[in-house]
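Below, read A as the first sequence line, B as the second, and so on, with proteins coming before strands; counting in each chain starts at 1.
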Protein chains: 2
Amino acid sequence: MKLAFVGGTGPEGLGLAMRFALAGHEVAIGSRSTERGEEGAAKVCEAVSAAKATGGANADIVGAADVVFLTFPYSGQAATLQTLGSALDGKLVCNVVAPLEFQQGVGAVALNVAGNSALQESMAQLPNSRVVSAFQNMSAEELQHLDHPIEADVLVCGRDAEAKAVVIGLANDIKGVRGIDAGGPSQSRYVEMLTSLLINLNRKHKTQTAVRIVGI
Amino acid sequence: MKLAFVGGTGPEGLGLAMRFALAGHEVAIGSRSTERGEEGAAKVCEAVSAAKATGGANADIVGAADVVFLTFPYSGQAATLQTLGSALDGKLVCNVVAPLEFQQGVGAVALNVAGNSALQESMAQLPNSRVVSAFQNMSAEELQHLDHPIEADVLVCGRDAEAKAVVIGLANDIKGVRGIDAGGPSQSRYVEMLTSLLINLNRKHKTQTAVRIVGI
């Protein structure tokens, strides 16, 4: 499949793109600047020799994509989606955003957002897209360590069952990862908040954590 | 150890008491009514033949306990702790409460509580106790199915490292369960919210789920 990463030059976007390139998918790295997008694609090609990776401006990479990943900080979500405008109409969009901030002495703190979750806010802003959420809990560091086997479940939330099935399939394409249908849009809040818990566990236990759901 | 369960006649309290009785601990089942507490103890003895279980009114069972578990719905937390008053002074208290409500068509919905988490609210109400939180994510149904092996991590949050170590040890006493130090009081909110996610996963996938943290 052709996968585009809006804001894909950050560690989470690059890590996911590398893992998907390794699984044989075509990846396109987007940035606000064409050059930084191209630099991101070069990093993917450096890490994965067989990668089919291109880069460019966010608005330019989404048109050809089968799935568009949103891989930027929450603070940029509303403005970035506003800027992309109708470019995402009809697209399958996978929101990877977890609203959080870092507070001294506490660590990651999940934010209460007006629309309940980053997923639900992006759904409201993209009424003509098929939006789901997934991959927020995956450690960007682990994703980029391609020699480390990953062991993690990816909880996929959204309203559109077919879109969720596509993203669950993509999760399963990453070795060691299992995609799980985690239910409707309102569930995304709990999955997004889990990211803060895992980040703080990482710091406390000096490791990289992930979550497995037992019983499914 | 001597373990007391305030509000222990509900499924979570009974399930935990049964598992701890199976591990050789003495358990005391508390209720607002002495009789219902005694009935709860009888259920534990029926399920675990070697159980050392007693029952009684909440206020009467906490005095002799090494660890007091809070196993009632969030709606009763403030009033129950108010009623117990100074009976919990100096005690190690393990809060099992997850603030949530059930909404038709949605399932479990985690509540935003004024004090950030049930744990932090109970800490504020019990300044002379050593309060931690744990076990909110364990399925009451699974706990009571004593022939089912449990596979789950228990995330323990709180300020008092020694108190957390005691509760982590108790978690480890349940076969298949691993206790993890999940950090300070502010982390409890994410752990409490995880309960709603797991309840909704149970319903969607017609199973009983639990969580494992990979990487620790």
Side-chain angles (χ1 to χ4, degrees), chain A residues 98 100 103 105-113 116-117 137-139 141-142 148-153 155-157 161 164 176-178 180-216, chain B residues 98 100 103 105-113 116-117 137-139 141-142 148-153 155-157 161 164 176-178 180-216:
Chain A
L100 57 84
Q103 286 177 14
V106 181
V109 176
L111 301 174
N112 287 319
V113 302
N116 197 52
S117 65
N137 298 331
M138 294 202 74
S139 155
E141 201 168 307
E142 281 296 280
H148 284 208
I150 283 193
E151 194 192 337
D153 284 344
L155 296 158
V156 184
C157 300
K164 283 197 281 188
V177 172
R178 177 178 66 156
I180 292 178
D181 184 344
S186 61
Q187 294 294 99
S188 191
R189 178 175 187 227
Y190 313 128
V191 180
E192 294 169 21
M193 288 213 172
L194 194 47
T195 304
S196 290
L197 177 68
L198 295 176
I199 288 171
N200 296 333
L201 283 175
N202 292 351
R203 196 158 72 159
K204 180 168 187 66
H205 293 274
K206 296 183 176 50
T207 182
Q208 295 293 319
T209 57
V211 75
R212 280 284 197 207
I213 303 297
V214 180
I216 293 180
Chain B
L100 56 85
Q103 286 178 13
V106 181
V109 176
L111 301 174
N112 288 320
V113 303
N116 195 53
S117 65
N137 298 331
M138 295 202 75
S139 155
E141 201 169 307
E142 281 296 281
H148 284 208
I150 284 193
E151 196 192 336
D153 284 344
L155 296 158
V156 183
C157 300
K164 284 196 280 188
V177 172
R178 176 179 65 155
I180 292 176
D181 185 344
S186 61
Q187 295 294 99
S188 191
R189 178 175 187 227
Y190 313 128
V191 179
E192 294 169 20
M193 290 213 169
L194 194 48
T195 304
S196 290
L197 178 68
L198 295 175
I199 288 171
N200 297 332
L201 284 174
N202 292 351
R203 197 157 72 158
K204 180 168 188 65
H205 292 275
K206 297 181 176 51
T207 184
Q208 294 294 319
T209 57
V211 74
R212 280 283 196 207
I213 303 297
V214 180
I216 294 180

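- Only the side chain of Ser186(A) comes within contact range of chain B, with at least one heavy atom under 4.5 Å from a heavy atom of that chain.
- Using a 4.5 Å cut-off between heavy atoms, Gln187(B) contacts chain A through both its backbone and its side chain.
- Looking at Glu151(A), both its backbone and its side chain come within 4.5 Å of chain B, counting heavy atoms on both sides.
- When every heavy atom of Ala110(B) is checked against every heavy atom of Tyr190(A), the shortest pair comes out as N-OH, 2.9 Å.
- Atoms CG and CG, on Asp181(B) and Leu201(A) in that order, are 9.0 Å from each other to the nearest 0.5 Å.
- The part of Arg189(B) that comes within reach of chain A is its side chain, from C-beta onward, which places non-hydrogen atoms under 4.5 angstrom from that chain.
- Comparing Val214(B), Leu155(B), Val109(B) by how many heavy-atom pairs each has under 4.5 Å with chain A, the most go to Val214(B).
- When heavy atoms are compared at a cutoff of 4.5 Å, Leu197(B) approaches chain A by way of both its backbone and its side chain.
- Of the possible donor and acceptor atoms, one in the side chain of Thr207(B) sits under 3.5 Å from a partner among the backbone N and O of Gly215(A).
- Interface remark: Ala108(A) contributes backbone atoms only to the contact with chain B (heavy atom separation under 4.5 Å).
- With a threshold of 4.5 angstrom between heavy atoms, Asn112(B) approaches chain A through side-chain atoms but not through N, CA, C or O.
- In terms of non-hydrogen atom pairs under 4.5 Å with chain B, the most contact-rich of Gln208(A), Lys204(A), Arg203(A) is Lys204(A).
- By the 4.5 Å heavy-atom criterion applied to side chains, Ile213(A) and His205(B) are not counted as neighbours.
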